[in-house]
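A quick write-up on the structure given underneath.
As the structure lists them, so they are numbered: ligands from 1, and atoms in each ligand from 1. Note that the coordinates shown come from a computational prediction; the quantities given were computed from them, not determined experimentally.
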Amino acid sequence: MQNFDYQTPTRLIFGKGVIEKLPEVMAQFGKKILLTYGGGSIKKIGLYQQVHELLKDFEIIELSGIQPNPKYDPSVLDGVRLCKEHKIDVILSVGGGSVLDCSKAIAAGACYDGDTWDLISYKVKAQAALPIVDIITLAATGSEYDCGGVISRTETNDKIGYMDRHLFPHTSFLDPTYTFTVSKKQTAAGIADAMNHTIEQYFAEDTTLLNDGFCESMLRSLMVNGRKCLDNPEDYTARAEMMLACSYGCNGILALGNSYSGWPCHGIEHALSAYYDITHGEGLAIITPRWMRHILNEHTLPRFVKYGINVFGIDASLEPMEIANKAIDATYAFFESIHIPMHLREVGIDDSRLDEMAHHIAVNEGLDQAYAPLTEADIKAILVDSL
Ligand code: NZQ
Ligand code: ZN
């Protein structure tokens with residue numbers, strides 16, 4: 001087991017109706033709030049109105065229109081400008097992972113005198129950030145329980161995972177009823193995203209019985225409950241378990257003591273959504289089984305065997321290579337069964353920029369250091385298989 005130094009300071013307030021505690025939580029930071037949200041889903045579900053009602057004694061400045069795969073320009077830049085102009089005390093993010101990620105970058109930029117991109121691109125280390133409170137309305141990224149935000153810069157095709165310990169939300173409100181209205185497409189993408197977060201940490205060196213069991217249970221829970229959410233979007237118990245599972249996905253708790261895996265599918269997917277603005281979870285579902293097939297060899301075989309037996313219940317008496325191949329087939333079949341498009345062409349990506357993307361990934365994502373190291377040629381082969 002590797003040494004580690006771990007802390008998650010975020011307070012999670014979970015369950016039906018917990019939003020009642022919002023005024024009390026916000027009051028500890030001051031009166032001036034930057035309320036951030038996306039394209040309008042929070043108005044449709046009545047949450048926007050509820051937040052204003054609860055916070056009528058506060059001064060609220062708004063930043064709306066934050067898009068999926070949130071953009072540096074205009075959203076992050078506008079948010080930083082508003083925070084500085086209005087001397088904002090705290091950011092309240094209401095929406096999915098994109099709104100929260102954008103809010104995290106704004107929180108850091110608001111406390112920095114230079115260009116916010118210096119921070120996101122790791123040229124300069126943040127010394128402080130505004131406090132962030134969030135109400136998460138989509139179960140997927142785990143951004144509500146981690147210190148990362150993923151920001152896209154369109155003109156350079158960059159999509160950067162910006163992590164800094166100042167970016168942990170102070171408090172995250174998780175009410176599963178807010179996720180009842182999430183579309184089937186976004187629910188399925190959320191399942192795939194959280195499953196891949198788990199897979200990225202399961203396929204590593206130095207894993208433990210403890211972490212493996214946690215990951216295997218995460219995967220089984222996400223498949224069982226995810227399917228229930230799709231069949232009955234208002235199944236509270238299933239939405240609640242899926243929401244909690246998603247929160248565990250990215251904050252490191254699944255991999256304490258493991259060697260770093262390199263998160264290869266995310267490295268590849270971030271380029272896909274940077275170049276083509278596709279839905280993150282769909283890109284991951286397409287890449288994951290192709291990446292698995294590509295890295296399957298004598299060294300990685302025991303991991304695949306364990307995954308196949310404990311996650312999919314594959315017969316342990318079969319030959320190891322057969323178990324591994326069945327496990328990869330089962331991964332693909334599950335994503336297909338929840339109606340995720342399983343080819344890049346189906347999400348608008350053809351072969352015209354594969355070389356460029358493979359090069360971009362090889363240069364920027366450090367996948368030569370991953371659990372199963374990937375060269376530029378390996379990345380290209382995975383992309384070609386995914387077409
Ligand atoms: O914009 P609005 O109108 O709010 O609609 C959103 C958006 O169109 C909608 N939505 C959200 N809550 C809803 C709802 N629709 C109906 N009812 C609700 N309750 O769903 C659409 C997608 O929202 P988005 O926030 O983009 O989805 P998600 O939460 O999956 O976030 C994806 C982003 O997170 C990044 C991804 O790369 C992507 O940019 N990631 C962030 C991570 C992190 N911070 O740790 C880790 C992940 O690996 C991931 O990379
Ligand atoms: Zn992800």
Looking at non-hydrogen atoms alone, which of Tyr178, Tyr145, Tyr37, Tyr162 comes nearest to atom 19 (N) of ligand 1?
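The nearest heavy atom belongs to Tyr178.
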Give the single entry among Lys71, His280, Gln186 that approaches atom 21 (C) of ligand 1 most closely by any heavy atom.
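It is Gln186 whose heavy atom sits nearest to atom 21 (C) of ligand 1.
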Does a donor on one side chain sit under 3.5 Å from an acceptor on the other, for [X] and [Y]?
X      : Y      : result
Asp164 : His166 : yes
Ser261 : Glu200 : no
Arg303 : Thr207 : yes
Ser172 : Asp134 : yes
Tyr6   : Asn251 : yes

Ligand-residue contact atoms, ligand 1 with [X], heavy atoms, under 4.0 Å:
X      : result
His197 : 47 (C), 48 (O)
Gly38  : 1 (O)
Gly96  : 25 (O), 29 (O)
His270 : 37 (O), 50 (O)
Ser143 : 43 (C), 44 (N)

List the residues meeting side-chain hydrogen bond (donor to acceptor under 3.5 Å, both in side chains) with Glu241, not counting sequence neighbours, and say none if there are none.
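For Glu241, the residues satisfying side-chain hydrogen bond (donor to acceptor under 3.5 Å, both in side chains) (neighbours in sequence not counted) are Ser221, Asn225.
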[atom1]/[X]: more than 12 non-hydrogen atoms of other groups inside 6.0 Å:
X      : atom1 : answer
Lys125 : NZ    : yes
His339 : NE2   : no
Asp231 : CG    : yes
His359 : NE2   : no
Lys326 : NZ    : no
Phe214 : CZ    : yes

Among protein heavy atoms, which lies nearest [atom], and at what distance?
atom                    : result
atom 1 (O) of ligand 1  : Gly39 N, 2.7 Å
atom 25 (O) of ligand 1 : Ser98 N, 2.9 Å
atom 43 (C) of ligand 1 : Asp146 OD2, 3.5 Å
atom 7 (C) of ligand 1  : Pro68 CG, 4.0 Å
atom 34 (O) of ligand 1 : Thr141 CG2, 3.2 Å
atom 30 (O) of ligand 1 : Ala140 CB, 3.7 Å
atom 38 (C) of ligand 1 : Asn69 OD1, 3.6 Å
atom 9 (C) of ligand 1  : Leu138 CD1, 4.2 Å

Tell me, please: is [X] in heavy-atom contact with ligand 1, that is, under 4.0 Å?
X     : result
Gly40 : yes
Gln67 : no
Pro70 : yes

Reference residue Lys71; test side chain to side chain contact (heavy atoms under 4.5 Å, CB included); the match among Asp277, Ile151, Leu77, Val76
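One option only clears the test, and that one is Asp277.
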Any non-hydrogen side-chain atom of Thr375 less than 4.5 Å from a side-chain atom of Asp378?
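Result yes, sub-4.5 Å side-chain heavy-atom pair found.
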Below 4.5 Å, heavy atoms only, C-beta onward: do Asp175 and Ile135 meet side chain to side chain?
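The answer is no; the side chains never approach within 4.5 Å.
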Heavy-atom distances under 4.0 Å decide this one: backbone, side chain, both or neither, for [X] against ligand 1?
X      : answer
Phe180 : neither
Asp101 : side chain
Ser41  : both
Lys44  : neither
Asp193 : side chain
Thr181 : both
Lys159 : side chain

Are any of the N/O atoms in [X] less than 3.5 Å from those in ligand 1?
X      : answer
Thr137 : yes
Gly148 : yes
Gly97  : yes
Cys250 : no

Show the atom names and distances, to 0.1 Å, of all donor-acceptor pairs under 3.5 Å that link a side chain in residues 311-321 to residues at least two apart or in another chain.
unit_1, atom_1, unit_2, atom_2, d
Asp315, OD1, Ser317, N, 2.9
Asp315, OD1, Ser317, OG, 2.8
Asp315, OD2, Ser317, OG, 3.2

Just by modelled atom types, is the Leu230 backbone N or O under 3.5 Å from a matching donor or acceptor in the Lys184 side chain?
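Yes: the side chain of Lys184 pairs with the backbone of Leu230.
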Can you tell me how far apart OG1 (Thr156) and CH2 (Trp117) are? Round to the nearest 0.5 Å.
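Those atoms lie 5.5 Å apart.
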Strictly under 2.8 Å of the Zn ion (ligand 2): which protein N/O/S atoms qualify?
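Result, waters dropped: Asp193 OD1, His197 NE2, His266 NE2, His280 NE2.
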Without placing hydrogens or testing angles, list every side-chain donor-acceptor pair under 3.5 Å for residues 14-28, not counting sequence neighbours.
unit_1, atom_1, unit_2, atom_2, d
Gln28, NE2, Val25, O, 2.9

Name the residue from Glu365, His197, Lys159 that meets the side-chain hydrogen bond (donor to acceptor under 3.5 Å, both in side chains) definition with His266.
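The residue from Glu365, His197, Lys159 that satisfies side-chain hydrogen bond (donor to acceptor under 3.5 Å, both in side chains) with His266 turns out to be His197.
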